Amino acid sequence: DPALIFDLGGKFDKSFNEAAYNGAERWKAETGGSYKELEMQSEAMREQALRRLAQSGANPIVMTGFAFGEVLNKVAPDYPDTKFVIIDMVVEQPNVQSIVFTEEQGSYLAGVLAAQASKSGTVGFIGGMDIPLIHKFECGYAQGFKAAKPDGKLIINYTGTTPAAWNDPVKGGELVRAQISQGADVIYAAAGGTGIGVLQAAADAGILSIGVDSNQNHLHPGKVLTSMVKGVDNSVYEAFKAGAEIQPGVKVMDLASGGVSVAMDESNKPLISDEMTAAVEAATKAIVGGEIKVHDYMTDNTCPVE
Amino acid sequence: MDFATVLQILDSAVRLMTPLLLACLAGLYSERAGVFDIGLEGKMLMAAFTSASVAYATGSAWLGLLAGIAGAAAMAGLHGLASISFRGNQLISGVAINFLASGLTVLLGQKIFGLGGRTPSLSGAARFGEITLPFADSLRPVPVIGPVYAELISGHTLLVYVAFAMVPLTWWVLYRTRFGLRLRAVGENPASVDTAGVSVTRLRYGAVMICGVLCGIAGAYLATGISAGFVKEMTAGRGFIALAALIFAKWRPWSALFATFLFGLMEAVANRFPDLDLGIITVPSMFMNALPYILTVIILAGFVGRAIPPRAGGEPYVKER
Amino acid sequence: MERMPKWADVILTPLISLALAFVLSALVILAIGESPAEALKVMVEGALGSSYGWGFTLYYTTNFIFTGLAVMVAYHAGLFNIGGEGQAAVGGLGVALVLLALPWPHWALALPAAMLGAALFGAAWALIPAWLQARRGSHVVITTIMFNFIAAALLNYVLVNLLRPVGSMDPASANFAPATHLPKLSGMAKALGLNWGENTPVNIAFFIALAACLLVWLLIWRTRLGYEIRAFGKSEPAALYAGISALRITVVAMLVSGGLAGLMAVNNVMGEAERLVLNAVEGAGFIGIAVALMGRNHPFGVLLAALLFGFLYQGGGELALWTTIPRELIVVIQALVILFTGALDNMVRMPLERLFMALRRKGA
Amino acid sequence: MALAGATDTAPAIELRGICKAFGPVQANRNIDLSVPRGTIHGIIGENGAGKSTLMSILYGFYRPDAGEILVGGQPIAITDSQAAIRAGIGMVFQHFKLVQNFTVLENVILGAEDGRLLRPSLARARGELKRLAAEYELQVDPDALVEELSVGHQQRVEILKALYRQADILILDEPTGVLTPAEADHLFRILRGLKDEGKTIILITHKLREIMEITDNVSVMRRGEMVASVRTAETSPTQLAELMVGRKVLLRVEKPPAIPGAPVLQIRGLRMVDHDKVERLRGIDLEIRAGEILGIAGVAGNGQTQLLEILGGFPEAGSHISGEIRLNGKPLPLSGKGADGRSRRQAGIGHVPEDRQAEGLIMDFTAWENAAFGYHDAPEFNRGWLMDNAAIRADAMGKIERFDVRPPDPDLAAKSFSGGNQQKIVVAREIERNPDLLLIGQPTRGVDIGAIEFIHKRILALRDAGKAVLLVSVELDEITALSDRIAVMFDGRIMGERLPGEATTGELGCLMAGVDPAVTPPGAAIPPAAAPGSDAGGGAG
Ligand SMILES: Nc1ncnc2c1ncn2[C@@H]1O[C@H](COP(=O)(O)OP(=O)(O)OP(=O)(O)O)[C@@H](O)[C@H]1O
Ligand SMILES: Nc1ncnc2c1ncn2[C@@H]1O[C@H](COP(=O)(O)OP(=O)(O)OP(=O)(O)O)[C@@H](O)[C@H]1O
Ligand SMILES: [Mg+2]
Ligand SMILES: [Mg+2]
């Protein structure tokens, strides 16, 4: 049986852990198979979980989150017959498949859409905990926005510095109001549970918001401009389907492969004009074709646009 | 910084201070009666959960509010049981209540809603909407007063007004009523109340339950007023800030208003200016986020000096050794 | 004349309280539709059923011993240190800086230096609240809580902006050099030809924790400083009468307390993660409060209570791993244990006292 | 046995078979008591005899384990103080039950408010207080904060509280311990006035003189039992003392004349301004020679505490001290390094503090740990880094034996000893160090007669060994019995010095009230019972 390990955020984090869970559930529903799932409770438990699963014969073992990188590097060689899949991190071992997403590209498209949808020319970004991964989202978004609206204004806020920052919808909502008061009329939230508060406050205030990781358009139909979707669910689904035969190596899930995208569905249909669709398509083509290179914040800890 | 920005920051401060103010007044009742309470956080959290759950189930914010009050009151009752009836250590009881609320809310939430401790989002009548006060719109054009009335004073949820009304009410109860006199006395010298023939136990339970009710309103405000639903650990340390504000206010109602406003203001400013550019250096956002905590320490150290708590505070009333 | 024998006070009361906490926990488990017996089985087997489980239980125990001792020392001086969380976090920073600054040739050299770094950083983080309490009367409960938040911000800043290797996703420091990795207990067992606790994180820091229990016991009950700390904690005016300086005792007790909390980093940062990660303390600082109180502020009691919480933590982890019970159940169980053994202990003690009084009267 | 007072009506109070245990301590054992209406009834007994407990039961503060209470012949259930108040009982406790930061008025109405709102109650109480003040000479400022009142005034507030509640039966638990003779006289005048109105008064006191002076009947308690109830007129102090202790006691210590040597302590112009900028000491000049006991008389709160604390090295934080103190000719620092308790001990000053429970002892420490308290860093108690607990224990055992501390169990916590035995531990610790100068504050406050005898003997022995003793006590009898010279303190000054043989109680009393009879003609107005700016350090016994 395959196995899935969630990171500390837990499987209902409204974010990528939950997406992974949905992928696994889809596989279960389609194939009728069963899988093991584990939630972390402490740092020291990561290794324990990996080893116990490997010993129990689970294959492949899928885990979400960069935090597993170190441990996997150590554990994978001990179980050469087991295949491991790690999401959001590269681990170079012969029995590991690493899946990374180009969040900057998806966020770039979100930025393009935000620029189109914004009437004031000012848009916002609200991050959860102030860590590099979230800056990657922020930087891609900023690049897309500036490309479409070079003199537009971008307001950036982070909720906090402790893990509590992922679960503070009150502060998320307040940040929305602060950004609105500075003119923002589209706000992109990459903040886990805090994001729920962001989307809510934006909907309450009658401005647009952008969801993240999973498709969150349906949370407030007609009020969420789009969601920057990471295909974590697909990746997990694919990995489970491939089973023990899964190919080791690095798998970059980018725009071209559909790994990241901006969600278009019934909920946001009224919000998306034809020009927007055109702009997104043009940008997608340019990125896929290599004309536009979206800078990845993680490579050098800097962002080319402010 | 223009007038509109100032107004918006103040407006934000008012919203952010509301849960602090309610929790601070809650602590004031309890501690003035001699029962220390570091479990404000847990009570608010429990209230946020129960109010969101019931508001979702019934679609009524009012029933949610009642449930929030019930949830916090249950925790308050536990605190009373431990620290009044069984003369336990009040600090430990508070710590335990914080843990208990933190665990129970998620456990129950997961059991009921299966969303990992979150409740489904609330909408419509399940939330307290913003109230526009009379003439807000027609007064808006009046210079200065107009915007202040329309932006700052009008347009909050009912619970905000309740919180502000609690300040004069608390003052009045404390200093103008029999109950207030006895409450203050029992926090200073319970034996004086006892020998006057008034039950110390009943008075303290009364104070602790009022504390529960106010924490309940604070929690309900968090979950059904300012946001729309419960998220685990959503109080995010506000109970502790309220406690700091209580000490800062030296256990006095009007000072509590001022102290919580200051904390609300600090948070609003940090929200508005995430990277404070001071010319020479830019203060990183991490430190702007920690600003309320840093300022708390500075204020406690620099301006408050020795805040003398109610004399019988923290100690159970033991008549017979 | 005592109301009841000492053993009843020190052993019977906490045991009954603990039993009550577990009964209530069982009810909670029933309420969420699971089987308490099954849960107990998973917990006991997962935490104590194998050398593997013990390896983890003892690892967590080590953490809790340090934070429990930290709370205990401050408590004897009449100070309620809620800042173990922040002090341990900053202690981790000390360990990381020491280990990353020099190319240590061997762990035996690195360990004393890292311990020093951990203790110094942890102590420094307790110094400001201590000083403010002694000099300005700012309540140490509030300031240490604030310093937990500030420590989190500081660590976030340092890890993200200063210690994080460029290109790394992880807000974590670089790995420490392999030469600095502490010997694991499993490795020691292997050297003795035993197969014990393979792949468990418990390491030599466990012995440091045991030694710390002994040293703290000596400090509190056998040295002048300990005598003065206890005297000050029991009665400030009396301490003043005896010429014991309030400032000195407050500061020294908090420094020792912070240093002990900081030392936890030797276990989790140096011994387990072998690098500094964000939120490495994971609440151990708060659990230390419960450990100290349950352990009746005695090092031996702290050791036992740390073992109990180590068991709860590991057993609870296993529960979350292998059953559908959410990990928050452990938080609830911890809360109940703290509540019953710490705050509601008179609920058990009062009837017991009455019972013993009645027995004595009958005997007399 | 017949008691003085009306015999035709039912007694105001009758107690039958009252029993009360606090855990293992049987505080009251099958007590019967009858108090005739309109009399003053004295109750005496050693510490811990159960006097306060009995009265607290009568007032509904404690619930008795068994027994019956009759008020005016009717059995009533006194379940709480409210019930006692309704039955017309009022009580002034040994340790006042006032809210320190409330005004007099607020304290008076607390629990006896007229309605839910305070305003009407306060107005009525203000009028009522004015009337009571006029009627009973009980003037106090209704708007003053209690913490700013002297002990004497605080006591008035307590009495006013009882009268405001229309008490018919007034219980006073050791009311005179903290009063000057003049204040005590004033109190007794009030009590007589109340008695003449037909009120019944129960008075607990340790002072046999007061019993003889004012009571009609007296009951004696010993170890929780009521051992006798007699007419005051038909008994004597010696008989009462014997009944109390159960053996013969010397009411006076034998004291050989002093042989003073070189000056040990010299104080010049000592001033102290406390944290709140109140001047507590206004220029003290004193000298004590070797082999001499200087007694300082005065009402509590006139600077004695501050004087002892400065000499002992622990003045109130934030205070400012000036002047000069010399010990054996060498100046002592007044602040900073070398001015703390430890340095003072090293310089040769022993100190039995006024408040033994708060300062002299760590109540949770064992007896043996306490026996080294303050001297715990002495070389003989330490071995290198560690304390030598065996040596400390051995030393403590010796002290317990020599000072007859009971029970002789060094492992018992200090709080488990009775007040007298606690005091013996402190006195043993300080005296056996053989200090050049012994500071001793309220050495026998709340201590039973047997222990008083013993402690007095030890103080005299120290003097005779050529040491200097500074004795502070509010008990004039004790001062005159022990001192070789008496200095009277009032309002931070030394009002005058007298030799014990030549000074009369009345003269000392005048000095204690701030009037020098040598300067002011006798009969001049004695100021009301006030100790200005008093901090009322009525420490626990
Ligand atoms: N609240 C209490 N809890 C436990 N024991 C008590 C309490 N109050 C008094 N006792 C004990 O009961 C006994 C009687 O005490 P009580 O205070 O009645 O004595 P007393 O005669 O008033 O003495 P004193 O002269 O010191 O006032 C003592 O042994 C005392 O230790
Ligand atoms: N907490 C306690 N535990 C055990 N025994 C106690 C306790 N408190 C008091 N006692 C016992 O009660 C007796 C009287 O104590 P108590 O303190 O009332 O004496 P006291 O002479 O009235 O002192 P004081 O003058 O200070 O009131 C002592 O013999 C003591 O052993
Ligand atoms: Mg007594
Ligand atoms: Mg008494």
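Keep in mind the model is a prediction, meaning the values are calculated, not measured. Just so it is clear: chains get the letters A, B, ... in the order the sequence lines come, proteins before strands, and each one is counted from 1. Just the heavy atoms: all of them, side chains too, but no hydrogens, waters or symmetry mates, feed the values below.
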- Could you go through the salt bridge (Lys or Arg N to Asp or Glu O under 4.0 Å) check for Arg433(D) and Glu380(D) one step at a time? CA-CA 12 Å; Arg433(D) 275 271 139 186; Glu380(D) 66 267 33; 2.7 Å; yes
- Query: Which bit of Arg354(C) comes within less than 4.5 Å of chain D, counting heavy atoms only: side chain, backbone, both or neither?
  - Reply: neither
- Among Glu369(D), His376(D), Arg344(D), residue most engaged with chain C (heavy-atom pairs, under 4.5 Å): His376(D)
- Task: Check whether Glu228(C) gets within reach of chain D through its side chain, its backbone, both or neither, counting any heavy atom under 4.5 Å.
- Result: side chain
- Relative to chain C, which of Asp388(D), Asn382(D), Asp409(D) shows the most heavy atom pairs under 4.5 Å? Asn382(D)
- Region of Asp377(D) in contact with chain C, defined by heavy-atom distances below 4.5 Å: both
- Does Phe147(C) have its ring centroid less than 6.0 Å away from the ring centroid of Trp125(C)? yes
- Message: Testing the 3.5 Å rule here: is there a donor-acceptor pair between the side chains of Gln357(D) and Gln422(D)?
- Response: yes
- Message: So which residue, Ser235(C), Pro237(C), Ala231(C), Ser245(C), ends up with the most heavy-atom pairs under 4.5 Å with chain D?
- Response: Ala231(C)
- Query: In terms of heavy-atom pairs under 4.5 Å, which option from His351(D), Glu309(D), Glu359(D), Met363(D) contacts chain C the most?
  - Reply: Glu359(D)
- Task: Anything under 30° is parallel, anything over 60° is perpendicular, the rest tilted; go ahead and classify Phe373(D) against Phe365(D).
- Result: perpendicular
- Polar contact flag, side-chain donor to acceptor under 3.5 angstrom, Asp274(D)-Ser319(D): no
- Query: Under 3.5 Å, is there a donor-acceptor pair between the Thr305(D) and Glu354(D) side chains?
  - Reply: yes
- Message: Quick check on Ala239(C) against chain D: is it the side chain, the backbone, both or neither that has a heavy atom closer than 4.5 Å?
- Response: backbone
- Task: Give, as side chain, backbone, both or neither, the part of Leu225(C) having an atom under 4.5 angstrom from any heavy atom of chain D.
- Result: neither
- Item | Distance under 6.0 Å and angle within 45° of ring axis: Arg429(D) vs Tyr375(D) | no
